[in-house]
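Since this is a predicted model, take the numbers as computed values, not measurements. Whatever order the structure lists ligands and atoms in, that order sets their numbers, starting from 1. Counting from 1, the numbers follow the sequence of the chain as shown. Values below: every heavy atom of this structure, side chains too, minus hydrogens, waters and symmetry copies.
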Amino acid sequence: MPGVSYKEYRCPHDQKLLFKGILIDSEVEVKCRDCKQLVVLKGEPVNAWICKKEHCPNRIG
Ligand SMILES: [Zn+2]
């Protein structure tokens, strides 16, 4: 998908960048390399992703 801008998922404790990507309707558990905290990241609701309307504010990327 050209032109897709990935979302940045950051640690809520120290704002370190954990990873970039797009999570759809899912949860990921990541351990921050810096502060060693477990962080649970929640994905976007799937209906936001599949909105087909051009320039819809709910679309990602
Ligand atoms: Zn951290």
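Considering only heavy atoms from C-beta on, V28 stays 4.5 Å or farther from Y9 through its side chain. A 4.5 Å side-chain heavy-atom check between V30 and L38 finds every atom pair outside the cut-off. No side-chain heavy atom of D25 sits less than 4.5 Å from a side-chain heavy atom of P45.
In summary, no N, O or S atom of H13 is located under 2.8 Å from the Zn ion (ligand 1). Residue side and main chain included, D14 places an N/O/S atom under 2.8 Å of the Zn ion (ligand 1).
In this structure, SG of C11 and SG of C35 enclose an angle of 110° at the Zn ion (ligand 1), rounded to 10°.
More than 12 heavy-atom neighbours from other residues, nucleotides or ligands sit within 6.0 angstrom of CZ on F19.
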